[in-house]
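The structure appears below as structure tokens.
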Amino acid sequence: MNFSNRVHNMDFSPIRKLVPLSKAAEDRGIKVYHLNIGQPDVKTPDTFFQGITNYNEKIVKYSDSQGIDTLIDSFIRSLSDSNIYFEKDEIMITHGGSEAIQFAIMATCDPGDEILSPEPFYSNYNSFAKVSGAKIVPFETKIEDNFHLPKKEEIIAKITDKTKCIMLSNPCNPTGTVYSYEEMRMLGEIAKEYNLFIISDEVYRQFIFDNVPYTSSIHLTDILDRVILVDSISKHYSACGARIGLVASKNKDLMHQILKLCQARLCVSTIEQYAAANLINTMGSYITDVKMAYKKRRDIMYSGLSSIPGVICSKPEGAFYILAKLPVDDSDAFAKWLLTDFSYNNETVMFAPASGFYATLGLGKSEARFSYCTSIEDIENSIVILKKALEEYNK
Ligand SMILES: Cc1ncc(COP(=O)(O)O)c(C=O)c1O
């Protein structure tokens, strides 16, 4: 049997592809610290579960394709806390930020079209682009610049008559970089000059540390009709499995087209939408507390990694990831070895090899992405293990 070129062209996620090896290690009785994935260990607020219990319909019906009113209203209110203002017909509820990205690409790109993205980028961008027949065209950001954007000329040099959008996550997964007002302005200028959309993935928007100022793409007021915002409750409220996100744009014509995609998949899970509305409506100090916890973990992860001989990294400004250069030639091989051949006190570490976050072949080969949305104890133990492992690996 033959399968489509579409699936053949896709890669397995660098975040999940080593799971069979970690499962095998766990079957051998080894404890694995999962620093590969952005699955927060923080408790989902009770209000989410109360929202599920309070659902008292007798039928689990389809909801509107756009999403339920109370959830859209909740998002409108919570976005306005970040000075992001949308009207009801400018928002569609999606199955997580993932579906929002997919819809944004499908609504703006035809097969063969190109999407500019600073690399390294969230690895699934490659998959989302490929299933739509589009292609990510990367412009490189470097560890020595804290992964901030290159000069405008370097970005413009990548534009062709096939370029339709710029797509970025801000704060960035995998680097934790928060782009400055000047950087965002520059992207806005490029979008205007070259008639492009900006797909602005802001699913980590609430996790920015050290009072670093935040510029949402939606704050670029002269290009509002070009901005497509992607947001989600997955990371902000530690509700990854709920699969609730949104795609939003001031470009009502674009949203009208995206509605067709929403209608084709009928609706987002109805009960989860009610629960999410209840969650967003009653947040209190939850986000502030979680942000403080992540900042502490970021500091421990950064100083721990920096203390390992040969490891180079810069301090992330947001999200909950750090991208480090390891003293190895091939972080993929090292990641596998950690799971198949190494343990220290019967424990080992799993991370995401960084080459999967680059589109340019050969880049990121010695880099690794570590997630720090796990406990301080786990982070500290992982640093000890990683140090021992690198000593042994490089013997
Ligand atoms: C940058 C970025 N965008 C989007 C997503 C998808 O999130 P969701 O769970 O909302 O689909 C993730 C998940 O890790 C992410 O890191």
(Q) Using the salt bridge (charged side-chain N to carboxylate O under 4.0 Å, His left out) criterion, which residues pair with E392? Sequence neighbours excluded. (A) none
Q | Y372, Y33, F370, W337 screened by ring-ring contact (aromatic ring centres under 6.0 Å, His included) with F351, the one that passes | A | F370
**Q.** Sole candidate of N36, D11, D332 that passes side-chain hydrogen bond (donor to acceptor under 3.5 Å, both in side chains) when paired with K17
**A.** D332
Q. Which value, rounded to the nearest 0.5 Å, describes the distance between S232 atom OG and I244 atom CD1?
A. 9.0 Å
Q.
Once salt bridge (charged side-chain N to carboxylate O under 4.0 Å, His left out) is applied, do any residues pair with K260, and if so which ones, sequence neighbours excluded?
A. none
Q: For the pair Q206 (side chain) and I287 (backbone), establish whether a donor and an acceptor sit closer than 3.5 Å, ignoring hydrogens and angles.
A: no
Q.
Check this for me, if you would: do D89 and K250 make a salt bridge, where the nitrogen-to-carboxylate-oxygen distance has to be below 4.0 angstrom?
A. no
Q) If you look only at pairs with a residue in residues 75-85, which of them pass as a side-chain hydrogen bond (donor to acceptor under 3.5 Å, both in side chains), with sequence neighbours excluded? A) R77-N281, S82-R205, N83-Y85
Q) Going by atom types alone, do S331 and E367 pair a side-chain donor with an acceptor below 3.5 Å? A) no
(Q) Salt bridge or not between D341 and K336? Use side-chain N to carboxylate O under 4.0 Å. (A) no
Q. Counting distance only, does the side-chain N/O of H236 pair as donor-acceptor with the main-chain N or O of V203 below 3.5 Å?
A. yes
(Q) Please enumerate all residues that pass side-chain hydrogen bond (donor to acceptor under 3.5 Å, both in side chains) together with E202, with sequence neighbours excluded. (A) S200, Y214, S216
(Q) Closer than 4.0 angstrom, basic N to acidic O: yes or no for E189 and K152? (A) yes
Q: Quick one: list whatever passes salt bridge (charged side-chain N to carboxylate O under 4.0 Å, His left out) with K43, sequence neighbours left out.
A: D46
Q: Before accepting this row, confirm whether a basic side-chain N of the pair R297/D41 lies closer than 4.0 Å to the acidic partner's carboxylate O.
A: yes
(Q) Could you check whether E87 pairs with K252 (Lys NZ or Arg NE/NH1/NH2 to Asp/Glu carboxylate O, under 4.0 Å)? (A) yes
(Q) Taking ring pair (Phe, Tyr, Trp, His ring centres under 6.0 Å) as the definition, give me every residue that meets it alongside Y321, ordered by chain and number, with sequence neighbours left out. (A) Y204
Q) Is any NZ, NE, NH1 or NH2 atom of the basic residue among D329 and K365 found under 4.0 Å from an Asp or Glu carboxylate oxygen of the other? A) no
Q.
Closer than 4.0 angstrom, basic N to acidic O: yes or no for K31 and E26?
A. no
Q) Hey, are the side chains of D201 and M167 touching, using non-hydrogen atoms and a 4.5 Å cut-off? A) no
